[in-house]
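This report concerns only the one structure given below.
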Amino acid sequence: MELKQLYQEIILDHAKNPRNKGKCKDYNHDAKAHNPLCGDKVHIYLNLDKDKNIKGLSFEGEGCAISLASASILTDTLKGRDITFTKNITNNFLNMLKNKSKISLNSLSEDQITTINSLSGVQEFPMRIKCATMAWHALLSAIEKKN
Amino acid sequence: MELKQLYQEIILDHAKNPRNKGKCKDYNHDAKAHNPLCGDKVHIYLNLDKDKNIKGLSFEGEGCAISLASASILTDTLKGRDITFTKNITNNFLNMLKNKSKISLNSLSEDQITTINSLSGVQEFPMRIKCATMAWHALLSAIEKKN
Amino acid sequence: MDIKNIKSEFPIFKQKVNGKPLTYLDSANSSQKPKAVIDRISNFYETEFSNVGRSVHTLAVKATNRFEDVRDKVKAYLNAKHREEIIFTKGATEAINLVATAFGEKFINKGDEILTTELEHHSNYVPWHFVRQKKGAVIKFASVNEKGEVDLDEIKKLITNKTKIIAITHISNVTGTIMPIKKIIDMAKEKKIPVLIDGTQGAPHIKLDLQDLDCDFYAISCHKMYGPNGLGILYSKKKWLDEFPPYQGGGGMISEVFKDNVTFASTPTKFEAGTMQTAEVVGFSEAINFIENLGIEKINKHENEILEYGIEKLKRNNSVNIFGDPKERGSVISFTMKGIHPHDIATILDEDGVAIRAGHHCCQILHDKMGISATARASIGVYNTKEDIDILCDSINKCKKVFNI
Amino acid sequence: MDIKNIKSEFPIFKQKVNGKPLTYLDSANSSQKPKAVIDRISNFYETEFSNVGRSVHTLAVKATNRFEDVRDKVKAYLNAKHREEIIFTKGATEAINLVATAFGEKFINKGDEILTTELEHHSNYVPWHFVRQKKGAVIKFASVNEKGEVDLDEIKKLITNKTKIIAITHISNVTGTIMPIKKIIDMAKEKKIPVLIDGTQGAPHIKLDLQDLDCDFYAISCHKMYGPNGLGILYSKKKWLDEFPPYQGGGGMISEVFKDNVTFASTPTKFEAGTMQTAEVVGFSEAINFIENLGIEKINKHENEILEYGIEKLKRNNSVNIFGDPKERGSVISFTMKGIHPHDIATILDEDGVAIRAGHHCCQILHDKMGISATARASIGVYNTKEDIDILCDSINKCKKVFNI
Ligand SMILES: Cc1ncc(COP(=O)(O)O)c(C=O)c1O
Ligand SMILES: Cc1ncc(COP(=O)(O)O)c(C=O)c1O
C-alpha cells in the first residue's frame, strides 16, 4: 500500500520531532520558501564558515508531515558538510523525486541513505513533491544569499 | 422560396432607386443610427413644423438592400404626416418585425400598406431585422432630438 | 429526476478512484457536471457551432440566438430587471476584476475607502488591492470572530462618508458562513453606497432574487453551479454598466472605430470583447435546467441535511476540530486534526477515493486571523449523501492510524 | 488521416443547412471542431474533471497534470524557449489586452508612440487606444495600399526614438495579406523595440518557430485552430512576463496575501487568476494533435490550392471585385459585387448552405481607408475543397438573378 511508502516510520518520527528547529547560532545565510497553494512555509538558517563548511544548519517552518520531515532530514544530513557536497546531494535529492532515481552517495552513512531515501515514496504523489523539495530549494537560495 | 419573400420587387426597386435621399430643405431634426456588425449606416433628416407635421423627411446612408429600402419606404410613407400618426405607424412597423404581425392602418392607402408589408419577409431572417428597423429607430430619435 | 439518485446523472461517479467509488466532497472548488451539460456542449459543437454575433449565415444566427437566449434565461433565473444586466465573463474572478477596475477608475480617489471583511476569497480582495495601489485608496476589513461570523454593528461602524463601495462574500468558502447580505445591503443603501456580493458560493445553493436583494453587483462562477469551466457571470445594475468604461477592448464591443477615436457599443456588448465562450454559455443553459428541474430549494434542503449530519458526526470525533461555528452555514465544513496536517489528511483520504481540499482555500487573511496556516475542507454538492459523510468519517479515523495517533 | 476526406472528421458537416450540405467558408471567424476535440472535452468532464492546481486528491492531480502538459505541448508546438512563456487566456483579444495593459502601464508615457498598421483587427487596436487615452501616447499607422500591402520602408520611417512597441498582425483577416513580420521584427530589434504579433490568423495556417521569429509577443485564438471556444494563448518572452505587473487579481496568482500587501506568484501563474478553462485547454491538446497528425505544411499547401483556385475563379467573374491583391496571401478572400451589398450576398448564399461573413470584419479603419463600408468574406480551413469554391461561385451568380442584375 502506497500510503505506507509515503508515511514511513522515519518520516513520521522526523515530522513529530523535527531536528534542528529554530535559528541556529550565528547564522549568516538564510532563505524562505513557501507553497501558496497549501500555506506550507519553511525558513532555512545557515552558518557558513569562510572555508565554505556548514557549521550550523537549522529551520523554522510549519506544514505537512512531508515538508517538516524533509526539512528535518535535510538539516540532520548536511550539518557539518561542505558546500560542494551539499549542492551535490541536493541535486541528487531533487533528481530522485523528479526522475524516480535512488540516492547512493558513498560519503553518506547507510543510516543517512536510508533516511533520505525514506522520502522517495513522495515520487508516487505528484502533488506532494513540492512539500518534499521546498526546504531543499530554500537551502540552495540561502547558500546564494548573504544575510 | 423565402428569398423571394425577402427580396420582393418593391424592395429591390426602393433599394436601387431610394426615394428622398439627401438632406431635406430646412431640416430641424436629425439622427443617425448604425449597425456596428455590418457597417450599415443611416442618417434621418426631418423638417417638423410647429404643428408637429412632418414637412420634410429624407435620409442619407449606405447599406444593404433591406436597410436602404426600409429608409426609402419610411420617408415615402411618412412625409406630410403628423407626429402622432408617425409614432403610431413606427410602433406598428417595429411590432410587425418582432411579432410577425401585419400592418393595416386605415389612414394608409392600399399601395402604402402593400409597400410597407413588403418588408415583412424580413421576419424570417432574424439577423436582418436590424437592417430593416434601423431607419425607424433613427426616426424616433430624430423626433426627440432638436437639431 | 430524484435527488436521492442524482449521482447517476453525473458520469464522473461511474469510475473508481484508487479502486474505490469516488466520494467527491470538493464542490466548493468546482462542481461535477451532469450528463445533460456535457452532452449539450458536444452537441452544440457537433451541430450548431459558429461564432456569435458576427455573421448572418444560418449557423451564426442559431449560435447567436442560443447565446442570447441564455442571457434571458440567466436574467429570469436571477430575477434581474434587465437582460443587459447579465455579462458573461471567464469566471467570478474576472467579474470582480471588471467591477473593481471600472468602479475604481471612475469613482475611487485617494483616501476613499473600500469596505470588505476578513472572510473574503483572494478573488474579492486582490482586485481591490490593485485599486488601493493605483488610487491610494484604503481597504477596511470588518473582522471575523471565532465562530466565523462578521458583526453587523462593526460593519455599520466602519462605514464612513469616504466609503465608496462594500465588497462582501455571500457565503464563506471556508467557514460556510452565510452572510447577512440583505441587511448589509439595506444598511449601505441608506448611505447610497453600492454593494458587490461575491456570490460564487451563494448561487449554487441559495435561491436568488436580485431585484429583491437589491445589490449593485453579484458575481457568479458557472463551474460551481454544475456548469462548464471557463465561464462566469457578472450581474450589475444597468446604471453602473452604462456609466462604466469598457473593460477589455476588441471585436464586438465597439460602435465606431476611427484612427483618432473609438466609440463603444451599449451595455452589455460593451463588456464582451472578442469571441465569447459560446459553447460554454449554451452548456450552462442546461445547468440551469438541471437546477430548476430539481428546484433550488430542494437542493438546498438536501444539502443542509447532509451538512448537518456531517457536522454532528464530526463534532463527535474528538480528534477533529471544526473551523468556525456560524449560526447560518452553507455546504462547507473546514476542519483540522491534532497532530495531522490538512495536507496529509487530504492525501490519506484520497486513498479511499475521498476528494477534499486542503490549504488556505484562497483565504489567507482569514487563516492568519485564526492563527492557522491550513484547514481541510469538505464541501457538499447536490450529489452528496449521508454515506459520503460516513466514508469521510471512516477515512478520517484512518488518518489517526497512519499517524499512530 | 487523409486531407481529402478530412470533412468526415468534423461532425458539423453531417447536417444539412437549409436542405443543402454545409459549405463552411467562415473559418477566419471561427473554425469548426474535429470529433477528437469534441470527444476529449466530454471525456474529460466525464472521467477526469476537477479544478486545477488547488487540491491534492487524485482527480485534481490528474486535471492539473493534463493542464500543465498542454502548456508543454504548446511550448513545443510554437518552439517557445520556456514553458513559462505560454499563458492561457480567454482569447487573442484578452492576450493583446493583457500586453497592452501591462506594457502600457510600465513602459509607455506621454508622447510615446505605438506603431501599428491600418490593417489591424479591432482587437489589436482598441487595447492600444485605451493606452493612448490613459497615457497620452500616440498611435501611428503604417498605411495600407490598394493591394492590401503595407510598405516596409514606411514602417521603417515611422519608427522614431519615441516608438515603444510595434503591434502588427501576422495575416490580415480581410485581405489575407501575409505581413513580412520577420523583417519587421529584425528592423525593430535593431532599435530594441519590442514587437507584438497578432497571430490569430497566422497560427492556424502557418508553421511557427517563435524562437526563430524572435517576436516579443504572439497572440493566438485557439477556436480558430480547430480548438474549443473561450480559449486563447499569449506567448510572451519570459523577461517581459517577469517584469509585468499581474493582469487580473484573484485565486491562484498570489504568493502571499496580507491585509496591507499582496505578493504574486511567478510567471506564468501570476497571469492566470481564478479558475482556468481546464476542459478547453485539455481539448485544445487534441486540436494540436489533429494539426500535427496532418502536418501544418500540408494543411497550408492544401489551403493554398483552394485559395488560388478560388481567386482565379472569382477573378473571372466580372461582377465580383476582389478586395486587395497582396503578393503573399493566406486563406482569406474578401470581395464586393456591383449593385449587391455584402450583407445581401451573405443572406442569399446562406440559402444554398454557403456560410460566409459580411461586414467590416472588425477592421473599420481598413474599410474606411478603402472607401467601402463592407465586404463579403470567404475564408478557408483544412476541410474546404474545390467543390466548396464551385458552390460558392454558383451561389454568387444566383445573387445576380435575385437582384435582376
Ligand atoms: C468565495 C469565492 N469567491 C471567488 C472565487 C473565484 O471564482 P473563479 O475561480 O470561478 O473565478 C471562488 C472560487 O474559487 C470562491 O470560492
Ligand atoms: C486578426 C484578428 N485579430 C484578433 C482577433 C480576435 O480574436 P478572439 O475573438 O479570439 O479574441 C481576430 C478574430 O476575431 C482576428 O481575426
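Each chain gets a letter, A, B and so on, in the order the sequences are listed, and its residues count up from 1.
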### Message
Set out, in order, the CA-CA distance, both residues' side-chain angles and the distance that settles side chain to side chain contact (heavy atoms under 4.5 Å, CB included) for His129(D) and Asn261(C), then state yes or no.
### Response
CA-CA 8 Å; His129(D) 167 71; Asn261(C) 197 22; 3.7 Å; yes
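- Using a 4.5 Å cut-off between heavy atoms, Phe49(D) touches chain C through backbone and side chain atoms alike.
- With chain D as the partner, the residue from Asn124(C), Ile254(C), Val281(C) showing the most heavy-atom pairs under 4.5 Å is Ile254(C).
- The greatest number of non-hydrogen atom pairs below 4.5 Å with chain D, out of Val61(C), Asn97(C), Thr93(C), is found for Asn97(C).
- For the options Ala60(C), Gly230(C), Gly250(C), Gly274(C), heavy-atom pairs under 4.5 Å to chain D are most numerous at Gly250(C).
- With sequence neighbours excluded, the residues that form a side-chain contact (heavy atoms from CB on, under 4.5 Å) with Met225(C) are Tyr77(C), Ala203(C), Pro204(C), Ile220(C), Phe284(C), Ile291(C).
- Among the candidates His360(D), Arg377(D), Lys369(D), Lys90(D), the residue making the largest number of heavy-atom pairs closer than 4.5 Å to chain C is Lys90(D).
- With hydrogens and angles ignored, the 3.5 Å screen pairs a side-chain donor or acceptor of Gln364(C) with a backbone N or O of Val257(D).
- The two residues Val262(D) and Val126(C) come nearest to each other via the heavy atoms CG1-CG2, 4.3 Å.
- Of the atoms belonging to Asn18(C), it is side-chain heavy atoms, and not backbone ones, that fall under 4.5 Å from chain D.
- At a 4.5 Å heavy-atom cutoff, the contact between Glu256(C) and chain D is made by backbone and side-chain atoms alike.
- Put simply, of Asp260(C), Asp39(C), Val354(C), the one with the most heavy-atom pairs under 4.5 Å next to chain D is Asp260(C).
- A side chain to side chain contact (heavy atoms under 4.5 Å, CB included) with Asn51(D) is found for one member of Asp26(C), Asn229(C), Asn29(C) and no other, namely Asn29(C).
- With a 4.5 angstrom heavy-atom cutoff, Thr101(C) does not touch chain D via any of its atoms.
- Heavy-atom distances place no part of Pro245(C) under 4.5 Å from chain D, backbone and side chain included.
- Neither the backbone nor the side chain of Phe10(C) comes within contact range of chain D; no heavy atom of the residue lies under 4.5 Å from a heavy atom of that chain.
- Of the atoms belonging to His361(D), not a single heavy atom falls under 4.5 Å from chain C.
- For Tyr125(D), the part lying near chain C is the side chain, with the backbone staying farther off; criterion is any non-hydrogen pair under 4.5 Å.
- Interface remark: of the candidates Lys259(C), Lys14(C), His122(C), Lys259(C) forms the most heavy-atom pairs closer than 4.5 Å to chain D.
- With a 4.5 angstrom heavy-atom cutoff, Ile139(C) does not touch chain D via any of its atoms.
- Annotation: maximal heavy-atom pairing with chain C below 4.5 Å, among His223(D), Glu48(D), Met276(D), occurs at His223(D).
- With a 4.5 Å cut-off on non-hydrogen atoms, Glu118(C) touches chain D through its side chain but not through its backbone.
- Only the side chain of Gln15(C) comes within less than 4.5 Å of a heavy atom of chain D; its backbone N, CA, C and O stay farther away.
- Of the atoms belonging to Tyr24(C), it is side-chain heavy atoms, and not backbone ones, that fall under 4.5 Å from chain D.
- For Tyr45(C), the parts sitting under 4.5 Å from any heavy atom of chain D are the backbone and the side chain alike.
- When atom types are taken as modelled, the side chain of Ser42(C) and the backbone of Ile38(D) share no donor-acceptor pair closer than 3.5 angstrom.
- At a 4.5 Å heavy-atom cutoff, the contact between Phe130(D) and chain C is made by side-chain atoms alone.
- At a 4.5 Å heavy-atom cutoff, the contact between Val17(C) and chain D is made by side-chain atoms alone.
- With a threshold of 4.5 angstrom between heavy atoms, Ile356(C) approaches chain D through N, CA, C or O but not through any side-chain atom.
- When heavy atoms are compared at a cutoff of 4.5 Å, Lys134(C) approaches chain D solely by way of its side chain, counted from C-beta outward.
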### Task
Given side chain to side chain contact (heavy atoms under 4.5 Å, CB included), test Gln32(D) with Leu59(C) step by step and report yes or no.
CA-CA 11 Å; Gln32(D) 295 297 340; Leu59(C) 285 178; 4.0 Å; yes
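- For the options Gly353(C), Ala279(C), Ser221(C), Gly252(C), heavy-atom pairs under 4.5 Å to chain D are most numerous at Ala279(C).
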